[in-house]
A.B. asks: 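For reference, the structure I am asking about is given below.
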Amino acid sequence: MNEIEQTGLATMRDRWITGGTSFDLAPAAWKEIAAGANPEERERRLLAIAAQALEIALRPAAPKTLKRRPPLPELALPMLPERLRPPLRAALKHAADARAKSRVVALVASRGFVLHPMDWMPAASDQTSPDVYAPWIDWQAGVDGEKHTDREQLTAQNWDDFYPAARRSALADMRRTAPAVARQLIETKGSSEPAEIRLPLIALMHFGLGPDDVPFLKSLSADRSGKVRELAGRLLARLGQHGQPGDGGQENPTAELAAFITEGKSGFIRRRTTYTPATLKSPAQERRRAELFETCNLVDLAARFGVTEPDFIGAWQFGADNNVDILVARMVAASGSDASVTHMADTLVAEGGKPALFVLHLMPRLDSRRQRVLIRLILKDTQYLGALSLAEGIEAGWLDWADLTNGKTLPALRAAVAGNDDAVKRGADQLLETLGFLVTAAAADKLIGDVVAAGMAPAAPSLGLLRLNASLAGP
Amino acid sequence: MEFDLKTIEALAPDQASLSAASRLTKQSNWPRLEKSEQLAIIWGECQGSGSNPYRVVVDTGDHGYKCTCPSRKFPCKHTLALMWIAATTPASFVAADSTPEWVNDWLGRRRKTTSQPAAPVPAAGGKSIGEALRDDESAAVEDAAAIERREAAQRKRAQDTRSSVSAALDELDQWIADQLRLGLAGFVDNSSDRCRRIAARLVDMKATALAGRIDDIPSRLMGLRSEERPDAAIRELGKLVLLAKAWRSTPDDAELRRLVSTSESREQVLANPDAIQVDSVWEVLGEKIETRRDGLVSHSTWLLDLNSASPRFALLLDYFPASAGRRSNAFTPGDRFDARLVFYPARQPLRALVVDRKGDVSSGQWPAFGFDAADPLASHVAHQDTAPWLTDCPIMLPPGAILLDDRGDAWWQSADNPHGIALPIADTVNPTLLGLDLAATATLWSGSRLHLLAAQSGFGRLDLS
């Protein structure tokens, strides 16, 4: 289309928009084609020519500023084979929330694969995905420009060359192997970062936390962010360091919390100290007590009663009030020393029954041996199978077929599957999903066969994760 | 297999279903017949009257069933035919190692209420397998006089239709002239009402296909930014003028008749010597299911010929009433199969039927197609040269990437020419796509927007439909 035609088309277009005839405005060559007909037919002919001119001769006007995202980085692990993507997508589709989806992702990573980016991508704020996804988290965060995120050693000099997620991943590794070097880096470079980046950096101190970290953590008591000060206090408490008492004695939260706890004695011959939740008068008081459990540290509370952390835990009467027991468990998980965490876990697991379930709150702080002991206990006991789905921070794909056949889990599952009680069936579905994450590939295969034989539909969505697990056995 | 003919007779909703089923029991209608002894199910794909095969699965234990056809009879003739084959020639079913995804979907959704077979309703209304077989045999017998009468009636109907359509196009011409006289600004604002009125007239005058196309114009205009709509209206109306003129010059042209009034039947396409047949390996690029204003749902399945040196596409197109409910998809994007397709005769053959489906093929890369480096829309221009009334055109784009403009709208741009032509994308794209280099992208170009179907990238095949 030449310039005359383009100009003609533009004026004809304007005439048609407002209404009227455009024959007089048409380029000469077009007029020639349209001429020799009645006025309406002339307009239609010109319309047909204009339509084709617009269709063929013109191209969309691209904006001058089209932004290109940096290429999505390749990850260190191979992509899940194409044949496994349908069962993966089925498992992801069935996973109800982000937590359930992250289990699917963790299972796949534990078998040495990463997901296809069109099947799943971590969010920019993701801090729970396997470390291998750090480059994608940084890509999602949308930091523009070229930076190298490969696995070279992080130092103060190349700090700015790492994106935040890659830096977090490198620091977490370093805290496990050379905690002092990592601490020094966090100390040197962290202070210049904004609070939202500083906080997760300091949270990394929980890897390999030791007495050498005390001076740095104490120095954070003057940090400008309240959340950082609170986190540092928790980490110090884990190391047995007492927090700062309140400015005024009356406002000391630990003292206020202690007042919500009743100290008593039990036993006829050997009198033992006991701690139980005080009976409160109003829901407002209960809310206040819950808040205090969230903010106070175990070491301070135990000191308030003049006992050590393990003594306080040993004397706490689990079972008296379920809600307060959960608050105690959470406080121990957040601020208890490693010794008190393992003490509480070992005591309650040995006791068994319902109190053992409170150990689920300690899971992220337990070593894998203790985690496995608790999972096996719950499976063997069978009574609280539903609680398994609450477990956080556990490893994927280690539970053997023998662990399932050791107790009454399988008979209970079979009965639930074969029965007609919808609520029980839903419970079985939930358990199968949890087991889909926990079991080995061989156990997943056997478990599918077992429940299908019991009457479950072979393609039931709740078997999705088990099927994926079983198919991840090998090439 | 737990079927006998008495059970099928009892399950059939009426004698007509049984008769129809008996005609579908020929093996040639069923490119796929499989079974799983372990799960006690049989399934198959029946090439019915639609472009897409109907997928049928039957539980041989409790006689539960599912078919993707839009029939309102339960069980439909395809289900009955599958049961019939199972009862009479069970060896036709191949034992499958694994169940296809669509069978798994059905199994996952259904809930068994009983492990016992559903008790068949006692045979009523004179349904009989024997009669169905007799119907089938007697169908072929028709005397010469009757044939003559039928053909004469057909000729008369065709002549009446042609006269009616011709009158319809006269009305359309007048309507287009009115829109130009009154102004396209008003047309764009009131396109919904104006198009509905003329479309209703065209339906009355047997220009049904054209009516459907005009009914579609408002939604096509509304999918664009307001400043683009007048140009789009010029394109849409101008193409109608061209189509009307082309039909008037050759009203017997199969392509033009299809676009203006009605489409030929499957049998007519198969019998047409001008219909091109292509034996090849096809990949399902994607599907588009749209509910139209006339109450029909159009189901488009786009295929790519993997043995062709230049990109060749095929479109399987079916219509069914929206009231029939949501249908299961006949194919899964990414499926590959070896098949013979017959194309509806056209200047740019695109719409096709699956004649003979031979089997599935494993997935892989697309062939290395040659691309026009200067103009990614070159194939669209070629289509327009021969058939300027066409709207959507499938194109294979060369290596490129998806970029965002300041408004957050997505554009495709060639990798070789980052400052060259960029093409706007119709829908919101998955943000992950913005970080992927696309080696080749299969799309539909509507004249103003790209509708992405699928792409090849460093991360393998991407399903974008």
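Order of the sequence lines fixes the chain letters, A, B, ..., with proteins taken first and strands second; residue numbering starts at 1 for each chain. Because only heavy atoms are used, hydrogens play no part in the values below, and waters and symmetry mates are left out as well, while side chains stay in.
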A.B. asks: Nearest heavy-atom pair of A/P73 and B/F459: which atoms, and what distance?
C.D. replies: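 Shortest heavy-atom separation between A/P73 and B/F459 comes out as O-CZ, 4.1 Å.
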A.B. asks: Decide yes or no for A/I17 and B/V188: does some side-chain heavy atom of the first lie under 4.5 Å from some side-chain heavy atom of the second?
C.D. replies: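 Side-chain contact under 4.5 Å: no.
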A.B. asks: If you draw a 6.0 Å radius around CD1 in A/I33, do more than 12 non-hydrogen atoms from other residues or ligands fall strictly inside?
C.D. replies: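 It does: A/I33 CD1 has more than 12 such atoms within range.
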A.B. asks: Let me know if A/R85 has heavy atoms under 4.5 Å from chain B in its side chain, its backbone, both or neither.
C.D. replies: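 Just its side chain gets close to chain B.
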A.B. asks: Would you compute the distance between atom OG1 of B/T432 and atom CZ of A/R69 and round it to the nearest 0.5 angstrom?
C.D. replies: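 So the gap between those two atoms works out to 9.0 Å.
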A.B. asks: Please determine whether the number of non-hydrogen atoms from other residues, nucleotides or ligands lying under 6.0 Å from atom NZ of A/K101 exceeds 12.
C.D. replies: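 Yes, NZ of A/K101 has more than 12 neighbouring heavy atoms, counting only those of other groups under 6.0 Å.
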A.B. asks: Sort and list the pairs that fulfil salt bridge (Lys or Arg N to Asp or Glu O under 4.0 Å) and have at least one residue in residues 169-180 of chain B, not counting sequence neighbours.
C.D. replies: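 Listed by first then second residue: A/R44-B/D173, B/D170-B/R248, B/E171-B/R201, B/D173-B/R248, B/D178-B/R181.
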A.B. asks: Between B/G238, B/A233, B/A232, which residue shows the highest count of heavy-atom pairs closer than 4.5 Å to chain A?
C.D. replies: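 Heavy-atom pairs under 4.5 Å are most numerous for B/G238.
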A.B. asks: Counting heavy-atom pairs under 4.5 Å with chain B, which one of A/R45, A/M118, A/Q52 comes out on top?
C.D. replies: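 Going by pairs under 4.5 Å, I would pick A/Q52.
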A.B. asks: Which one, A/E40, A/E41, A/K67, leads in non-hydrogen pairs under 4.5 Å with chain B?
C.D. replies: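 Of A/E40, A/E41, A/K67, A/K67 has the most heavy-atom pairs under 4.5 Å with chain B.
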A.B. asks: Quick one: which of A/G464, A/P86, A/P63, A/P39 has the most heavy-atom pairs under 4.5 Å with chain B, could you say?
C.D. replies: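 Greatest number of close heavy-atom pairs with chain B: A/P63.
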A.B. asks: Heavy-atom cut-off 4.5 Å, strictly under: side chain, backbone, both or neither for B/L434 against chain A?
C.D. replies: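 Answer is both: backbone and side chain atoms of B/L434 are under 4.5 Å from chain A.
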A.B. asks: Hey, could you give me the CG/CG distance between A/L66 and B/L404, rounded to the nearest 0.5 Å?
C.D. replies: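 Between atom CG of A/L66 and atom CG of B/L404 there are 8.5 Å.
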A.B. asks: Looking at every heavy atom in both A/P60 and B/W411, which two are closest together, and how far apart are they?
C.D. replies: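 The answer is CB-CZ3, 4.2 Å.
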A.B. asks: So for B/I234, is it side chain, backbone, both, or neither that comes closer than 4.5 Å to the heavy atoms of chain A?
C.D. replies: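 When you check distances to chain A, atoms from both the backbone and side chain of B/I234 fall under 4.5 Å.
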A.B. asks: Quick test of your reading of the model: are A/R68 and B/D437 salt-bridged, counting only N-O distances below 4.0 Å?
C.D. replies: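 Yes.
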A.B. asks: Heavy-atom pairs under 4.5 Å with chain B: which of A/G455, A/A51, A/S22, A/A53 has the most?
C.D. replies: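 Going by pairs under 4.5 Å, I would pick A/A51.
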A.B. asks: Heavy-atom pairs under 4.5 Å with chain B - which of A/L463, A/I56, A/L54 has more of them than the others?
C.D. replies: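 Highest number of pairs under 4.5 Å: A/L54.
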A.B. asks: Would you mind checking which part of B/L240 comes under 4.5 Å of any heavy atom in chain A, side chain (CB onward), backbone (N, CA, C, O), both or neither?
C.D. replies: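 Neither the backbone nor the side chain of B/L240 comes within 4.5 Å of chain A.
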A.B. asks: Which answer fits A/T18, side chain, backbone, both or neither, if we ask what part of it has an atom under 4.5 Å from a heavy atom of chain B?
C.D. replies: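 Just its backbone gets close to chain B.
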A.B. asks: OG of B/S457 to NE2 of A/H116: how many Å apart, nearest 0.5 Å?
C.D. replies: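 It comes to 5.5 Å.
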A.B. asks: Is there side-chain contact between A/R15 and B/L180, with heavy atoms separated by less than 4.5 Å?
C.D. replies: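 Result no, sub-4.5 Å side-chain heavy-atom pair not found.
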A.B. asks: If we define contacts as heavy-atom pairs under 4.5 Å, which of B/V381, B/I176, B/L423, B/L377 has the most with chain A?
C.D. replies: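 Sorted descending by pairs with chain A, the first entry is B/L377.
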A.B. asks: Relative to chain B, which of A/A57, A/A460, A/P117, A/A90 shows the most heavy atom pairs under 4.5 Å?
C.D. replies: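 Most heavy-atom pairs under 4.5 Å with chain B: A/P117.
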A.B. asks: What pairs of residues pass the salt bridge (Lys or Arg N to Asp or Glu O under 4.0 Å) test when at least one of them lies in residues 227-240 of chain B, not counting sequence neighbours?
C.D. replies: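 The answer is A/R13-B/D231, A/E55-B/R235, A/E55-B/K239, B/R220-B/E236, B/R225-B/E227, B/E227-B/R407, B/E228-B/R449.
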A.B. asks: Examine whether an atom of B/W445 lies under 4.5 Å from a heavy atom of chain A, and if so say whether it belongs to the side chain, the backbone or both; otherwise answer neither.
C.D. replies: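 The side chain, not the backbone.
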